[in-house]
Amino acid sequence: MLRHAIAPVRRYTKASHDVVRHSRLNSDAKVLLLYVQGLPESEAAAPKPLSEHAARLGLKGRAYQKAKQLLADCGYLHEWREQGVRGRWVTEQLLTNVTLTREEATRAREGGADEGVPSERPPTVGRPGERTVGDSPRTEDSGEKDLPHPPPQDRRAPVADEAAEAEEPEPEAEPRSVPAPIPIPVPAPELAEAEGVLLSLRHAHRDLLLGVREARSLADAAAEWLRRGVSAPDLRRALTTGLPADGVRSAVGFLRHRLIQKLPAARRQMTPTPPPERAAPPSRRGLVTCPGPGTEHVFRPRNDETHCLRCRTAAAFEATLQPLGWAEA
């Protein structure tokens with residue numbers, strides 16, 4: 001038990017007994033909750049994930065995951081995972097120092113946190129004072145005569161004015177100029193593929209873990225590799241092989257140095273060789289009447305033939321069957 005304790009006058013955080021004496025929260029979860037609660041407004045309004053605040057306290061890995069799970073189970077931490085305009089998934093976190101249900105957390109996220117949440121103003125101490133009884137307060141007399149009602153005005157003049165206004169033609173409404181839509185820049189396919197490769201490096205080695213903003217800052221250098229003909233698997237292999245034995249201290253600095261120093265040479269623009277020209281096919285000859293035996297028939301010669309193929313074949317066969325001259329002698 002503390003005795004003669006001096007309360008600090010600055011740089012302290014008010015901790016609720018519900019948080020300090022919570023039976024299910026471990027010490028890491030309580031310290032993380034009180035740390036975030038004590039951040040200044042300028043730093044608390046910055047869009048930082050809970051993991052960055054935990055890293056500043058030395059909570060990493062399994063210890064941070066366990067503390068985060070306990071805060072979520074007890075109703076102090078709520079998360080929403082939604083898909084943005086560009087198709088990327090975004091996680092929004094809400095950390096409170098009081099337990100909230102899912103419906104209360106949703107209302108607080110949408111801006112209705114004041115409904116149903118008690119104010120932090122301390123109650124008034126003491127009994128109500130006695131009401132002073134007396135006449136109404138006196139006012140200074142300015143010397144002007146107060147009239148109960150203003151004097152009546154002539155109502156015929158406004159009627160004439162209204163008739164004159166009705167006769168005047170209404171001016172034509174000027175056409176409203178519609179502002180031209182602002183074109184949304186569409187990222188190049190190489191940038192999107194390069195960013196995906198950089199974000200996937202954490203699966204190959206845990207020291208190469210990159211955030212979304214860090215990956216976008218290196219996407220231009222990685223996209224240059226893809227423009228020079230390097231495939232995505234080869235780029236991932238070039239960035240994950242040959243890592244230092246003592247580990248990577250800064251994933252962003254290490255990857256930027258490797259992307260610049262190991263940039264491959266640009267591909268040469270090879271002029272395609274035109275295919276060789278093919279010789280024009282010979283012109284097709286006309287039909288010629290064959291003078292051979294049999295009925296009159298025609299054929300289409302290829303060179304200078306005078307007989308058709310059938311007649312030439314028959315003549316050659318007959319020439320082989322003729323007896324030799326010495327056999328007759």
Side-chain angles (χ1 to χ4, degrees), residues 83-89 178 180-205 208 210 212 215-242 255-329:
Q83 192 171 10
V85 180
R86 298 179 57 186
R88 301 187 180 277
W89 289 94
V178 180
I182 301 176
I184 300 176
V186 180
E190 295 86 359
L191 287 176
E193 187 177 2
E195 186 176 346
V197 172
L198 293 173
L199 291 175
S200 65
L201 296 179
R202 59 189 179 91
H203 301 294
H205 200 279
L208 301 180
L210 293 176
V212 177
R216 289 178 182 174
S217 64
L218 300 175
D220 293 334
E224 185 63 26
W225 286 58
L226 301 178
R227 298 188 190 100
R228 299 193 177 191
V230 180
S231 61
D234 293 341
L235 174 59
R236 186 181 297 105
R237 191 179 304 107
L239 297 177
T240 54
T241 55
L255 293 176
R256 181 181 289 109
H257 180 270
R258 179 160 289 193
L259 287 172
I260 296 175
Q261 296 298 328
K262 289 193 174 184
L263 181 66
R267 291 184 300 177
R268 296 182 179 180
Q269 298 293 337
M270 301 297 294
T271 305
T273 305
E277 297 181 358
R278 296 183 179 181
S283 59
R284 193 174 186 183
R285 299 187 178 186
L287 297 176
V288 179
T289 303
C290 180
T295 58
E296 182 180 0
H297 56 280
V298 295
F299 72 100
R300 192 182 306 277
R302 294 185 176 180
N303 296 320
D304 298 332
E305 298 90 349
T306 57
H307 291 74
C308 66
L309 180 60
R310 183 180 297 176
C311 295
R312 283 183 282 131
T313 304
F317 182 71
E318 291 178 358
T320 57
L321 295 179
Q322 291 180 2
L324 299 176
W326 64 268
E328 296 178 354

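- Within 6.0 Å of CZ on R312 lie more than 12 heavy atoms contributed by other residues, nucleotides or ligands.
- Closest non-hydrogen pair, P301 versus G286, comes out as CD-O, 3.5 Å.
- In this structure the side chain of H205 never reaches within 4.5 angstrom of the side chain of T240, judged on heavy atoms.
- Annotation: H203, atom NE2; neighbour count of heavy atoms from other residues, nucleotides and ligands within 6.0 Å is above 12.
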Test log, rule side-chain contact (heavy atoms from CB on, under 4.5 Å), inputs R202 and L208:
CA-CA 5 Å; R202 59 189 179 91; L208 301 180; 5.8 Å; no

Apply side-chain contact (heavy atoms from CB on, under 4.5 Å) to R216 and L198, showing your working.
CA-CA 9 Å; R216 289 178 182 174; L198 293 173; over 6 Å; no

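- Of all heavy-atom pairs spanning P264 and R228, the tightest one is O-NH1, 2.5 Å.
- K262 is not listed as a side-chain neighbour of L239, based on a closest heavy-atom distance of 4.5 Å or more.
- Between W225 and A238, the shortest heavy-atom distance links the atoms CZ3-CB, 4.0 Å.
- Taken from CZ in R258 to CG in L263, the straight-line distance is 13.5 Å, to the nearest 0.5 Å.
- The heavy-atom pair separating L199 from A215 by the smallest distance is CD2-CB, 3.6 Å.
- Proximity of V197 to L226: side-chain heavy atoms (C-beta onward) are nowhere separated by under 4.5 Å.
- Distance check, rounded to the nearest 0.5 Å: CD of E224 to CG of L191 gives 10.5 Å.
- Taking CG of L218 as the reference point, atom CD1 of I260 lies at 9.0 Å (rounded to 0.5 Å).
- Between S231 and D234, the shortest heavy-atom contact is OG-OD2, 3.0 Å.
- Heavy atoms of other residues, nucleotides or ligands lying less than 6.0 angstrom from CD of E296 number 12 at most.
- The minimum heavy-atom distance between L259 and A221, with the atom names listed, is CD1-CB, 4.0 Å.
- Taking CD from E195 and OG from S200, the interatomic distance works out to 11.0 Å, rounded to the nearest 0.5 Å.
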